[in-house]
Amino acid sequence: MQLLIDFILHIDQHIINLVNYFGDWTYLLLFLVIFIETGIVIMPFLPGDSLLFAAAAISANPKYHLSIFIFIILFLIASIVGDSLNFFLGEKVGNKLTKQKHIGKFIKQEQLDKAKTFFDKYGILAIFIARFMPIIRTFAPFIAASSGYKYSKFVKYNVAACIVWVLLCCGGGYFFGNIPFVQEHFSVVVLGIILVTCIPALVALFKKEKKAQ
């Protein structure tokens, strides 16, 4: 867990290390991170927004010979196809995964319940909103499928959400990631991104606690 936290907080340096060591294979490695974070239900803790921001920021620096357009295309494919895989898993196995001894350690029933509450509150619009919320976005396709939503209905909102998410995160990184202040305080910026994307979940939790009082 400590390694994961270090990777997220210093994600720009770790991506640079990947570029220096693996070269163009970095595209595939980052594609896999987003695909797994999105598609494999047991990996909601992998970086998403911050990785897109950092990768785009590094691609804006000609020193590393990375293409922002390749990143945008790959991240779009990873998020859309990953969500489709996630939906397929929810459709086939649903909440049964939480009852498996080993998988249940990663997928907590409590997490699924929170995602379902969020989904019930916002309906089909939750698919769009959840794309911008860490952890919840990993469970949203799974919950949508297990709740009986048709894939044709799900995919419309999902594709739109993925396009907006990738363009916002990559655009932010590309145009602002190399500003000296941002470079010098990249860990703080990453924490800020994480905090901002968690605000909707925190607001929902606050409202729930207030009602319970």
Side-chain angles (χ1 to χ4, degrees), residues 8 11-12 15 27 30-41 43-60 66-88 90 114-116 118-145 147 149-179 182 186 189-204:
I8 293 172
I11 195 166
D12 56 328
I15 293 177
Y27 290 117
L30 298 188
F31 168 89
L32 289 174
V33 172
I34 296 301
F35 176 76
I36 292 171
E37 186 257 356
T38 303
I40 308 301
V41 192
M43 297 290 184
F45 45 79
L46 290 176
D49 316 81
S50 56
L51 187 146
L52 267 63
F53 184 91
I58 293 168
S59 72
L66 296 173
S67 169
I68 182 62
F69 299 107
I70 293 177
F71 272 136
I72 288 174
I73 292 170
L74 289 178
F75 290 148
L76 272 174
I77 294 172
S79 55
I80 293 171
V81 176
D83 275 343
S84 295
L85 171 62
N86 198 323
F87 187 94
F88 174 78
K114 287 180 180 178
K116 193 172 189 314
F118 178 80
F119 200 88
D120 290 341
K121 181 177 181 180
Y122 294 101
I124 195 68
L125 188 60
I127 294 169
F128 189 93
I129 299 172
R131 169 46 58 182
F132 303 89
M133 300 172 65
I135 298 180
I136 288 180
R137 69 165 156 259
T138 302
F139 294 120
F142 191 88
I143 295 297
S147 297
Y149 276 87
K150 299 289 185 183
Y151 179 74
S152 58
K153 191 176 182 181
F154 163 82
V155 75
K156 286 192 304 182
Y157 288 84
N158 179 57
V159 170
C162 289
I163 291 172
V164 175
W165 181 65
V166 170
L167 291 180
L168 278 178
C169 293
C170 287
Y174 189 82
F175 292 109
F176 302 108
N178 288 295
I179 294 174
V182 175
F186 209 89
V189 172
V190 168
L191 286 173
I193 293 172
I194 294 172
L195 179 61
V196 168
T197 54
C198 286
I199 285 176
L202 293 174
V203 170

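In this chain, numbering begins with 1 at the start of the sequence shown. No hydrogens, no waters, no symmetry mates; every other heavy atom, side chains included, goes into these values.
Put simply, CD1 on Ile127 and CD1 on Ile143 are 11.5 Å apart, with the number rounded to the nearest 0.5 Å. Atoms CZ and CG, on Phe71 and Leu66 in that order, are 4.5 Å from each other to the nearest 0.5 Å.
Residues Ile77 and Phe35 fail the side-chain proximity criterion, which asks for heavy atoms closer than 4.5 Å. Put simply, the side chain of Ile68 reaches to within 4.5 Å of the side chain of Cys170, judged on heavy atoms.
In this structure Leu74 satisfies the side-chain contact (heavy atoms from CB on, under 4.5 Å) test together with Tyr27, Phe31, Ile70, sequence neighbours excluded. When the ring pair (Phe, Tyr, Trp, His ring centres under 6.0 Å) test is applied to Phe128, the partners found at least two apart in sequence or on another chain are Phe132. For Phe176, the side-chain contact (heavy atoms from CB on, under 4.5 Å) partners two or more places apart in sequence, or in a different chain, are Ile179. Applying the side-chain contact (heavy atoms from CB on, under 4.5 Å) criterion to Ile163, with sequence neighbours excluded, gives Leu76, Val159, Leu167.
Sorted by first then second residue, the salt bridge (charged side-chain N to carboxylate O under 4.0 Å, His left out) pairs that include residues 162-175, not counting sequence neighbours, number zero.
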Identify all side-chain donor-acceptor contacts of residues 81-88 below 3.5 Å with residues at least two apart in sequence or on another chain.
from, atom 1, to, atom 2, distance (Å)
Asp83, OD1, Arg131, NH2, 3.2
Asp83, OD2, Arg131, NH2, 2.7
Ser84, OG, Ile80, O, 3.1
Ser84, OG, Tyr151, OH, 2.6
Asn86, OD1, Phe142, N, 3.3
Asn86, ND2, Thr38, O, 2.9
Asn86, ND2, Thr138, O, 2.5

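Across Ala55 and Ile15, no two heavy atoms sit closer than the pair N-CD1, 3.8 Å. Nearest heavy-atom pair across Ser59 and Ser67 is CB-C, 4.2 Å. In plain terms, the two heavy atoms of Leu52 and Ile34 that are nearest each other are CD1-CD1, 3.4 Å.
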